[in-house]
Visitor: 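I'd like to ask you about the structure that follows.
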Amino acid sequence: MRRTKPLSPTPNAASSIIAPRTAADDIADRLREEILSGALAGGEIIRQDELAARYGVSRMPARDALRRLEAEALIQIHPTRGAVVAPFDPDAIREIYALRALLEGEALALSCPRLTENDLEQAETALARLEAERDPARIGALNSRFHLSLFAACGNLRLVDLIAREHAAAERYVRRLLTGLDHQDQSQAEHRAMLDACRRGDGDAAVATLRRHLEDGGRRLLAAVLEGDA
Ligand code: NI
């Protein structure tokens, strides 16, 4: 019997299972969403005391929330300027997309020949929802779900876990790519081609399409960031 996935692609979901939610969790979730959505832009300063006042809490949970987002690379804490929203980082984009191409290519090559009808249906469902979704806050998660659903039969949970971590790190960039850069039609056509290749059992074609999908997505995003359009 196949083991089920023990891990969550979002860093905050795992902690909510083992401990009751705290004020720091709430503040971190709200701030994370503001950064991921672009409501808070890179370089903006976040003052701890203003944050505490805004949420009606003491400075401690505000500081904890900022530390948490620092660990997720969404915030940088400078000794003099305090907390600053991390700018879009060309090196991070390069690294994340190179790693995704490597890991996801391997996972899909392993998974493709072993995908069951049920796995393919799950992928189809995620893809249909992604096609219909217009809310930027949901698009990143559905994109991740679609990709991960194709790796369901790869037989290596640690590999899937590594990929899920890179998806969490890429969330801010993926949202930008799919909502701001007019890339969604091309992206969806590539998703569709990957799923079709998996249905035909053509692992080589599925992997080649996935690699192109990630290389092209990474390249477009990098170009936009380097041109200052991010
Ligand atoms: Ni994708």
Side-chain angles (χ1 to χ4, degrees), residues 5 7-11 13 36-38 88-90 92-112 115 119-154 156 159-200 202-225 229-230:
K5 271 181 282 177
L7 298 151
S8 156
T10 54
L36 292 177
S37 71
F88 269 34
D89 179 2
I93 296 171
R94 259 192 287 269
E95 290 170 12
I96 290 169
Y97 276 82
L99 205 47
R100 284 189 60 187
L102 203 66
L103 298 174
E104 294 190 34
E106 175 71 8
L108 189 57
L110 291 167
S111 184
C112 190
L115 285 167
D119 293 330
L120 292 165
E121 264 170 42
Q122 301 262 346
E124 178 63 52
T125 303
L127 187 55
R129 288 185 59 190
L130 185 53
E131 271 162 357
E133 186 61 63
R134 290 293 168 266
D135 178 1
R138 298 281 313 141
I139 286 176
L142 285 170
N143 179 66
S144 182
R145 187 180 306 173
F146 170 71
H147 279 248
L148 294 178
S149 69
L150 293 181
F151 313 141
C154 85
N156 186 335
L159 178 56
V160 177
D161 178 36
L162 281 177
I163 293 168
R165 282 166 201 251
E166 289 311 310
H167 281 197
E171 164 90 23
R172 192 180 180 195
Y173 301 109
V174 170
R175 275 206 214 180
R176 180 76 185 81
L177 183 64
L178 294 183
T179 59
L181 293 180
D182 200 21
H183 183 61
Q184 202 167 356
D185 288 348
Q186 181 190 333
S187 175
Q188 282 301 99
E190 290 162 353
H191 286 157
R192 179 59 63 190
M194 281 156 57
L195 182 54
D196 288 347
C198 286
R199 279 198 189 285
R200 295 194 309 271
D202 189 344
D204 289 347
V207 171
T209 307
L210 170 66
R211 285 189 191 277
R212 266 202 313 278
H213 173 65
L214 292 173
E215 278 160 17
D216 200 48
R219 196 163 41 231
R220 287 183 72 145
L221 200 46
L222 196 57
V225 169
D229 176 34

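Whatever order the structure lists ligands and atoms in, that order sets their numbers, starting from 1. Small disclaimer: the values here were computed from a predicted structure and weren't measured.
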Visitor: Are the charged groups of R200 and D196 less than 4.0 angstrom apart, N to O?
Guide: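 No, R200 and D196 are not salt-bridged.
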Visitor: Please say which of Q122, R129, H191 ends up in a side-chain contact (heavy atoms from CB on, under 4.5 Å) with F146.
Guide: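 Answer after filtering Q122, R129, H191: H191.
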Visitor: Check G218 against I93 and note the closest heavy-atom contact, atom names and distance.
Guide: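 Nearest pair, atom of G218 first, then I93: O-CG2, 3.8 Å.
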Visitor: Please report how many protein N/O/S atoms lie under 2.8 Å from the Ni ion (ligand 1).
Guide: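 Counting protein N, O and S atoms closer than 2.8 Å to the Ni ion (ligand 1) gives 4.
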Visitor: Look up atom OG in S111 and atom CG in L159, then write down how far apart they are to the nearest 0.5 Å.
Guide: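 Answer for the OG-CG pair, S111 versus L159, is 10.0 Å.
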Visitor: Charged N to carboxylate O under 4.0 angstrom, E215 versus R220?
Guide: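 Salt bridge between E215 and R220, a charged N being under 4.0 Å from a carboxylate O: no.
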Visitor: In this structure, are over 12 heavy atoms from other groups packed under 6.0 Å from D135 atom CG?
Guide: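 More than 12 within 6.0 Å, yes.
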